[in-house]
2 protein chains.
Amino acid sequence: MKVSKEQAQQNKQALLDAAGALFKQHGIDGVGVADVCREAGLTHGALYKHFADKQDLAAQAFTHAFRAGYDKVSTPRAGKARTLGTYLDAYLSKRVRDDLSKGCPLVSTACETGRQSEAVSRSFADAFVELRSGIEGVLPNAGDSGGDKAALANLMVAALVGAMAISRGVVKADRMLADEVLVQVHSVLDGM
Amino acid sequence: MKVSKEQAQQNKQALLDAAGALFKQHGIDGVGVADVCREAGLTHGALYKHFADKQDLAAQAFTHAFRAGYDKVSTPRAGKARTLGTYLDAYLSKRVRDDLSKGCPLVSTACETGRQSEAVSRSFADAFVELRSGIEGVLPNAGDSGGDKAALANLMVAALVGAMAISRGVVKADRMLADEVLVQVHSVLDGM
DNA sequence: TGTACATCAGTGAACGCGCGTTCACTGATGTAC
DNA sequence: TGTACATCAGTGAACGCGCGTTCACTGATGTAC
């Protein structure tokens with residue numbers, strides 16, 4: 001049956017929320033469209049009224065998930081300055097490491113993106129650039145190194161993404177090692 | 001029919017080679033056991049004479065692929081010293097970025113490992129520790145920062161893995177951006 | 001060295017299952033009069 | 001404002017297909033005598 005326009009919009013958001021969490025948790029290839037729709041309280045046929053296909057859903061869900069997480073971190077709270085530490089704490093958190101459905105989709109889908117459609121790659125690139133800009137904006141002004149902030153921002157995002165991916169990769173076999181990676185990378189980046 | 005023991009060993013190696021390349025290219029979830037066996041010149045039933053199941057194959061293929069690539073980089077060539085630059089050049093290469101079947105399995109399966117069995121995580125952890133040791137061994141002695149080489153090695157591996165994953169993630173949408181990430185991260189790490 | 005035979009790596013049909021996508025259909029919504 | 005009806009979001013059966021794994025079977029290998 002037809003539903004109201006507001007209901008339809010709500011359903012689309014529910015699909016994006018569900019897809020964001022499930023894709024991060026099990027990978028795009030590891031989740032069926034039926035799973036996403038069930039999680040959103042719909043049947044699988046409904047998906048194709050909102051998205052062209054699974055790749056389209058993946059691309060939009062990526063952007064949706066990135067925006068949700070990034071706005072939380074980058075929007076300055078009342079009275080609290082947004083610093084490099086804000087990014088480091090938010091990114092390199094053990095709690096996020098242990099819950100795959102949480103966290104930045106850059107980490108969850110980094111390796112997978114190379115195998116997905118160009119639309120997914122586009123979403124990924126936009127998110128990366130936005131995070132990199134945000135971090136570049138909070139870098140301390142001109143350090144002793146001469147202050148090539150742009151290059152440093154690239155390194156920082158790469159290290160954040162890599163550290164979380166590695167920590168998640170090793171945690172099942174060696175929890176102490178996983179914690180060590182997060183802590184050490186946090187400490188080195190904090191001192192740059 | 002039965003084959004000679006040497007032939008059987010050769011076939012197992014062929015399975016590991018095929019699995020290593022295909023898993024890196026399409027992800028563990030993205031490749032069927034039949035694909036791996038076909039690539040190795042066998043039928044799918046043969047796989048279960050060498051490996052308990054697909055996860056077992058994935059774990060052994062990971063180690064096999066890491067060893068093959070790492071030995072090539074870390075074994076000092078005659079007359080050539082093994083330096084940090086050796087690692088950086090080998091890791092942050094555009095050629096490797098553009099051929100998913102090549103390169104370090106740490107990058108290819110980083111995000112995926114969190115969803116695989118503990119055996120895969122074990123292989124991943126061992127490889128990470130080995131690469132980190134190798135890099136720690138070529139770090140310049142005691143920089144101005146006080147020389148916490150262990151922490152720096154963690155950062156370097158995280159940055160290498162993250163930079164390659166990001167470069168691969170964005171390359172379909174923005175090749176210049178993908179190149180920029182590799183170059184900038186290379187340059188910053190080289191100066192540390 | 002020659003023969004008889006147990007071993008077992010590899011074969012390929014078969015299993016149950018879940019996948020992404022399509023499509024005829026339903027019926028509340030929202031518009032035209 | 002009230003009624004008739006076109007719209008279209010959502011349903012659920014059906015499609016062809018490939019998946020991981022099992023298993024009865026094959027026949028060259030390699031061993032025991």
Side-chain angles (χ1 to χ4, degrees), chain A residues 1-23 25-62 64 109 112-113 115-120, chain B residues 1-23 25-62 109 112 115-120:
Chain A
M1 58 264 184
K2 192 175 180 178
V3 299
S4 70
K5 282 183 178 176
E6 305 95 82
Q7 183 61 56
Q9 262 309 301
Q10 246 173 272
N11 288 343
K12 183 175 183 181
Q13 293 302 310
L15 284 168
L16 287 172
D17 286 338
L22 288 172
F23 286 167
Q25 208 166 353
H26 305 107
I28 297 173
D29 291 343
V31 175
V33 294
D35 299 324
V36 175
C37 294
R38 200 177 308 117
E39 183 70 22
L42 298 169
T43 56
H44 59 277
L47 188 137
Y48 295 90
K49 287 296 195 307
H50 292 290
F51 305 96
D53 52 24
K54 196 190 180 185
Q55 287 293 318
D56 183 28
L57 170 66
Q60 292 197 42
F62 183 99
H64 182 75
T109 48
E112 232 181 352
T113 309
R115 304 168 203 131
Q116 307 296 327
S117 71
E118 196 189 316
V120 176
Chain B
M1 56 268 186
K2 193 174 178 178
V3 300
S4 70
K5 282 182 179 177
E6 305 94 83
Q7 182 62 56
Q9 262 309 303
Q10 245 173 273
N11 288 343
K12 183 174 182 181
Q13 293 302 311
L15 285 169
L16 287 172
D17 285 338
L22 288 172
F23 286 167
Q25 209 166 354
H26 305 107
I28 297 172
D29 291 343
V31 175
V33 294
D35 298 324
V36 175
C37 294
R38 199 177 308 117
E39 183 72 21
L42 297 168
T43 56
H44 58 278
L47 188 136
Y48 294 90
K49 288 295 194 307
H50 292 289
F51 305 96
D53 52 25
K54 196 189 181 186
Q55 287 293 317
D56 182 29
L57 170 66
Q60 292 197 43
F62 183 99
T109 49
E112 231 181 352
R115 304 168 203 133
Q116 306 297 326
S117 71
E118 196 190 315
V120 176

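Throughout, a chain's letter reflects where its sequence line sits, starting with A, and its residues are numbered from 1.
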Determine, step by step, whether B/Asp56 and B/Gln60 satisfy the side chain to side chain donor-acceptor pair (under 3.5 Å) criterion, reporting the C-alpha distance in whole Å, the side-chain angles of both residues, the deciding distance to 0.1 Å, and the verdict.
CA-CA 6 Å; B/Asp56 182 29; B/Gln60 292 197 43; 3.2 Å; yes
Touch check for [X], heavy atoms < 4.0 angstrom, all strands: base, sugar-phosphate only, or nothing?
X	result
A/Lys54	sugar-phosphate
B/Val31	sugar-phosphate
B/Gly45	base
A/Asp35	sugar-phosphate
B/Val33	base

Rounded to whole Å, please give me the gap between [atom1] in [X] and [atom2] in [N].
X	N	atom1	atom2	result
A/Ile28	C/dG20	CD1	P	12 Å
A/Asn11	C/dT29	CG	P	13 Å
B/Leu22	D/dC19	CG	P	12 Å
B/Gln55	D/dT21	CD	C1'	14 Å
A/Gln7	D/dC8	CD	C1'	14 Å
A/Leu57	C/dC19	CG	P	14 Å
B/Gln9	C/dC8	CD	P	15 Å
A/Phe51	C/dT21	CZ	P	13 Å

Might you point out which heavy atoms bring [X] and [Y] nearest each other, and give the distance in Å?
X	Y	result
A/Leu57	A/Val36	CD2-CG1, 4.2 Å
B/Thr109	B/Phe62	OG1-CE1, 3.0 Å
B/Ala61	B/Phe23	CB-CD1, 4.5 Å
B/Gln55	B/Val120	OE1-CG2, 3.5 Å
A/Ile28	A/Lys54	O-NZ, 2.8 Å

Should [N] form a Watson-Crick or G-U wobble pair with both distances under 3.5 Å, which nucleotide is its partner?
N	answer
D/dG20	C/dC15
C/dA9	D/dT26
C/dC33	D/dG2

Comparing B/Ala8 and A/Gly32 on DNA chain C - which has the more 5′ nearest nucleotide
B/Ala8
Respond yes when some side-chain nitrogen or oxygen of A/His44 is under 4.0 Å from OP1 or OP2 of D/dA13, and no when none is.
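The answer is no; no side-chain N or O of A/His44 sits under 4.0 Å from OP1 or OP2.
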Ignoring hydrogens and geometry beyond distance, is the side chain of B/Lys49 in donor-acceptor contact with the base of C/dG10 at under 3.5 Å?
yes
Testing D/dG10, C/dT22, C/dA9 for proximity to the side chain of A/Tyr48, the answer is C/dT22
Where the side chain of B/Lys2 is concerned, which of C/dT7, D/dG10, C/dT21 is the nearest nucleotide?
C/dT7
If you find the nucleotide of DNA chain D closest to B/Lys5 and the one closest to A/Leu47, which residue's nucleotide is nearer the 5' end?
A/Leu47
